[in-house]
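Input: a single structure, listed below in structure tokens.
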2 protein chains.
Amino acid sequence: MSLDWLSTPCVQPDVAMRDAAAARQQQLTKPPGSLGMLEALAIQLASLQHTSSPAVDRVWISVFAGDHGVADEGVSAFPQVVTGEMVRNFASGGAAISVLARSLGANLEVVNLGTVNDPGEIPGVRRAIIAPSTANFCLGPAMTMAQLEVALAVGAESAQAAKAAGAQLFIGGEMGIANTTSAAALASALLCEPPSSLAGAGTGLDASGIMHKVTVLERALAQHAAATTAFEQLRCLGGFEIAALAGACIAAAQSGIPVLVDGFIATTAALTAVRMHPDVRHWLLFAHRSKEHGHARLLRALDAEPVLDLGLRLGEASGAATAVPVLRLACALHNGMATFEQAGVSTA
Amino acid sequence: MSLDWLSTPCVQPDVAMRDAAAARQQQLTKPPGSLGMLEALAIQLASLQHTSSPAVDRVWISVFAGDHGVADEGVSAFPQVVTGEMVRNFASGGAAISVLARSLGANLEVVNLGTVNDPGEIPGVRRAIIAPSTANFCLGPAMTMAQLEVALAVGAESAQAAKAAGAQLFIGGEMGIANTTSAAALASALLCEPPSSLAGAGTGLDASGIMHKVTVLERALAQHAAATTAFEQLRCLGGFEIAALAGACIAAAQSGIPVLVDGFIATTAALTAVRMHPDVRHWLLFAHRSKEHGHARLLRALDAEPVLDLGLRLGEASGAATAVPVLRLACALHNGMATFEQAGVSTA
């Protein structure tokens, strides 16, 4: 296993296609700018897809699952056994992302990177088991160097599989009890912000639960104060699924597939990827503003303007999947509307 | 023509179905509340549709077009001839709403209530011509009593046609040069607020254009200060298409079809309908927060929480159409997700 691939250049967005798309938006039969973010999305997709007819008909969704040693600190409202149970639920079609992927006609890949409650071989689940869980990062690094390398590569493989399948959009999701704690720790380290700015209710902590979570995060950050690069911060404070998401973002940008970023955890992974490889940023679209405390801070750090704001806080890529139809309609409008000249409509 | 139908009771939402839907949301495999507004939308639709399996597969969109006498005051960035030109564009498939309706598989009805530039008989356009335009409401009432009665009835016919066609959701849109001026006047009167709170850029006025628009609105409101009921305010300051939208909202509520309200003008019409028949409010869902100044004020007056906030300001029902897939996914999740018990997933 090598990390050389991490420095492979990203595909460059097509500036000429972007400008042509922006010019076309000015000619369509509507007041200029009146379709707001729908115009911006179509223009960005045209630039990233190197086409005058952007499309997100073929969507690839990878959901990465992994358990977290820090769950031992009692930071989640749900028991750790749920991670493995949800892997089964993803595959059997009952989870939110299963329903959404079906509704969208999207390809759903479920990747098990290691759960304490191992559901075993399940049709439709890619087994890429690294360990039953990360280590408790209050006591030591969450991952060994070798584990992090594998987790990043597993994510990259998903993006490459998406590319090979002809996907026009990549979405990464996650499942892992205690992973808002891991993401908050990582985000705190990346942003040099106190944990109280990033810690939230996760699956449903009350105020005292969140206070306890902040205490745990403060211990973890003190423990890993020596980790100053994004790579080391990811290794010490991240999770298998968070590393896979970061690897997927990087590989998607290297493969030339736009990434639609989900909520708090996926955005933490995206920020990590951008810190490791700044050109990745061009390839990121942001699906929604999560209700999880801390997401707003991450979005600001990435100068991100998300598509939706529906008070979601589930993860699993559910927010990103919900935004897909908006992107599809943005493309349909861009490609399908008549120009003033074509329609014989007078201009201002 | 009679106005008796305006007081026909609305269908009552089904409280038992609402409570059952809310209970089901608590049992689905996700942290309670984690799907945010998607949960609320499914619960509201279950209640309105009197079903445990809400759905918005069959969507009816009516776009009402009409010209405004107040265009004579120079309040629009576009010439009045555009209203008729856009009626043709709606029907020929090149307008934003045409593209969106096609993408959604929705039924699109275009209704011409009267344009100065009459496009004549066009396949796919319902002709319900009242007059070439309303009167300039700076000089007198926009509509006669007879004209208002017809306009309300034309809208009601659309909602009834939607019902007869089995539509699960009604959307009303509008087109009419100068109709943000009419809507701002009507909203000012309904809300007893100064025109400067409601007047915006419309299709693209600059700051001095908006100042002129406010002056025109102040003249109009002074002219019609004696109009104190919603009905009279609609007659004096509204437009054919705005009255049709209000009539459609009322008839949809009377027919038991949920209405997804579009932007500034459609929301003004919805507020008018609610003032005329308060039970209509139960039947309204709000699609988006328009960029048009004044829409936020209308949404507050209706205690409305819109689905999208994409900086749209086009009208034509384009924002409502863009929100339809979000409602569809909300229904798919509600109907298709497994419960904790079904999936064998542990609870908190």
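Here is how names work: the chains are called A, B, and so on, in the same order as the sequence lines, proteins then strands, and each is numbered from 1.
- In this structure, the portion of B:Ala321 lying under 4.5 Å from any heavy atom of chain A is its backbone and not its side chain.
- Using a 3.5 Å distance cut-off with no hydrogens or angles, the side chains of B:Thr115 and B:Asn117 do not pair a donor with an acceptor.
- If you tally non-hydrogen atom pairs under 4.5 Å between each of A:Gly319, A:Ser103, A:Gly93, A:Gly33 and chain B, the highest count goes to A:Gly33.
- Counting heavy-atom neighbours within 6.0 Å of A:Asp303 CG, excluding the residue itself, gives a total of 12 or less.
- Between B:Val56 and B:Gln168, the shortest heavy-atom distance links the atoms C-OE1, 3.6 Å.
- For A:Val307, the parts lying under 4.5 angstrom from a heavy atom of chain B are both the backbone and the side chain.
- Proximity to chain A (any heavy atom under 4.5 Å) is shown, for B:Ser92, by neither the backbone nor the side chain.
- The stretch residues 73-102 of chain B participates, sequence neighbours left out, in these salt bridge (charged side-chain N to carboxylate O under 4.0 Å, His left out) pairs: B:Glu73-B:Arg219.
- Heavy atoms closer than 4.5 Å to chain B are found nowhere in A:Phe90, neither backbone nor side chain.
- Using a 4.0 Å cut-off between charged side-chain N and carboxylate O, A:Arg24 and A:Glu39 make no salt bridge.
- Both the backbone and the side chain of A:Leu35 come within contact range of chain B, with heavy atoms under 4.5 Å apart.
- Most heavy-atom pairs under 4.5 Å with chain B, from the set A:Leu38, A:Asp309, A:Thr339, A:Val324: that is A:Leu38.
- For chain B, the option among A:Ala323, A:Ala201, A:Ala77, A:Ser98 with the highest count of heavy-atom pairs below 4.5 Å is A:Ala77.
- With a 4.5 angstrom heavy-atom cutoff, A:Lys30 touches chain B via backbone and side-chain atoms both.
- With contacts defined as side-chain heavy-atom distances shorter than 4.5 Å, the pair A:Met86/B:Thr29 qualifies.
- Between A:Ser182 and A:His68 there is a side-chain heavy-atom pair separated by less than 4.5 Å.
- When each of B:Leu308, B:Val326, B:Leu100, B:Val81 is scored by its heavy-atom pairs under 4.5 Å with chain A, the top score falls to B:Leu100.
- Your options are A:Ala338, A:Ala343, A:Pro32, and the one with the most heavy-atom pairs under 4.5 Å with chain B is A:Ala338.
- Using bins of under 30°, 30° to 60° and over 60° for the plane-to-plane angle, the ring pair B:His288/B:His295 lands in the tilted bin.
- At least one donor-acceptor pair under 3.5 Å links the side chain of A:Glu316 to the backbone N or O of A:Ile97.
- Listed options A:Gly336, A:Ser318, A:Gly344, A:Ala96 were ranked by heavy-atom pairs under 4.5 angstrom with chain B; first place goes to A:Ala96.
- For the options B:Gly36, B:Gly94, B:Pro79, B:Ala330, heavy-atom pairs under 4.5 Å to chain A are most numerous at B:Gly94.
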